[in-house]
*Asks:* 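Sharing a structure with you now.
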Amino acid sequence: PFWLAENNGYTSDINRFIGNTEIKYDILPWLTVTERIGIDSYTDDRKGKTNIGTRGTPNGYMYDQKISRSQINSDLTLTASRDINQDFSVDVVVGNNINVRDYDSEFVDGTGLNVPDFFHVSNANTVTADESIEKIRLYSFYGQATIDYQDYLYLTLTGRNDWSSTLPDNENSYFYPSASLGFVFT
């Protein structure tokens with residue numbers, strides 16, 4: 001068991017950054033514009049090693065993998081809230097969302113090591129490599145309107161349209177509306 005622990009293993013070195021911010025500005029007492037943006041980005045450097053002489057893999061094995069992933073999300077909204085008269089009020093939100101996701105994985109492994117304790121691809125008899133890249137973009141426009149009658153009857157209408165880079169160019173747009181009616185019994 002001690003030999004296995006000292007001669008075989010796996011490491012993962014992760015560097016991550018997460019940040020967000022929000023800017024809000026009151027254009028009028030009843031009208032506000034807000035921008036929210038956030039980012040989540042990380043890299044993960046992974047290394048695996050199985051030394052020469054290990055049971056099950058007597059010729060040794062190694063791999064290096066680097067994973068990079070990032071996501072940026074941005075929301076721009078315009079919010080209006082007004083009393084129409086003493087019985088009715090209306091709240092309206094219109095906005096835009098942009099979501100960008102990137103992923104990259106580079107993987108190389110080697111089998112049949114020539115020199116013990118030297119875990120580099122140049123020390124392997126057989127080398128294989130793979131790379132995977134994904135880029136996803138999602139753009140959206142959305143809106144919601146709520147009409148309130150005397151604080152007990154509410155009608156809400158919503159709509160959103162998305163354009164996705166994962167769909168064919170001529171069919172990458174989709175719209176989904178909704179409507180709801182609420183009643184407060186108190």
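All values reported here derive from a predicted model rather than from experimental measurement.
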*Asks:* So, do Arg46 and Thr11 sit near enough that their side-chain heavy atoms are less than 4.5 Å apart?
*Replies:* no
*Asks:* Decide salt bridge (charged side-chain N to carboxylate O under 4.0 Å, His left out) for Lys47 and Asp45; before the verdict, give the C-alpha distance in whole Å, the side-chain angles of both, and the deciding distance to 0.1 Å.
*Replies:* CA-CA 7 Å; Lys47 296 187 181 297; Asp45 290 319; over 6 Å; no
*Asks:* Are Asp162 and Arg160 close enough for a salt bridge, meaning some N to O gap below 4.0 Å?
*Replies:* yes
*Asks:* Which label fits Tyr149 and Tyr152: parallel for a plane angle under 30°, tilted from 30 to 60°, or perpendicular past 60°?
*Replies:* perpendicular
*Asks:* With a 4.5 Å cut-off on side-chain heavy atoms, are Val184 and Asp151 touching?
*Replies:* no
*Asks:* Is the closest side-chain heavy-atom distance between Val90 and Thr146 below 4.5 Å?
*Replies:* no
*Asks:* Do Asn123 and Val121 touch side chain to side chain, with heavy atoms closer than 4.5 Å?
*Replies:* no
*Asks:* Whether the Asp91 and Tyr154 side chains hold a donor-acceptor pair (N or O, under 3.5 Å, no angle test) is what I'd like checked.
*Replies:* no
*Asks:* Ring centres of Phe17 and Tyr42 under 6.0 Å apart?
*Replies:* no
*Asks:* Check whether Leu181 and Phe88 end up in the same hydrophobic cluster, where Ile, Leu, Val, Met, Phe, Trp and Tyr are linked by side-chain heavy atoms less than 4.5 Å apart.
*Replies:* yes
*Asks:* Is there side-chain contact between Glu134 and Asp102, with heavy atoms separated by less than 4.5 Å?
*Replies:* no
*Asks:* Taking it one step at a time, do Asp40 and Arg16 satisfy salt bridge (charged side-chain N to carboxylate O under 4.0 Å, His left out)?
*Replies:* CA-CA 7 Å; Asp40 181 358; Arg16 189 166 203 168; 2.7 Å; yes
*Asks:* Would you confirm whether Asp109, through its side chain, and Tyr63, through its main-chain N or O, come within 3.5 Å as a donor-acceptor pair?
*Replies:* no
*Asks:* Could you go through the side-chain contact (heavy atoms from CB on, under 4.5 Å) check for Asn97 and Asn73 one step at a time?
*Replies:* CA-CA 7 Å; Asn97 176 261; Asn73 192 72; 3.3 Å; yes
*Asks:* Taking the side chain from Asn161 and the backbone from Ser173, do they hold a donor-acceptor pair closer than 3.5 Å?
*Replies:* no
*Asks:* Measure up the Phe183 and Phe185 rings against each other and bin them: parallel (under 30°), tilted (30 to 60°), perpendicular (over 60°).
*Replies:* perpendicular
*Asks:* Got a salt bridge between Lys66 and Glu106, using NZ or NE/NH1/NH2 to carboxylate O under 4.0 Å?
*Replies:* no
*Asks:* Give a yes-or-no answer on whether the side chains of Asp44 and Ser12 include a donor-acceptor pair shorter than 3.5 Å.
*Replies:* yes
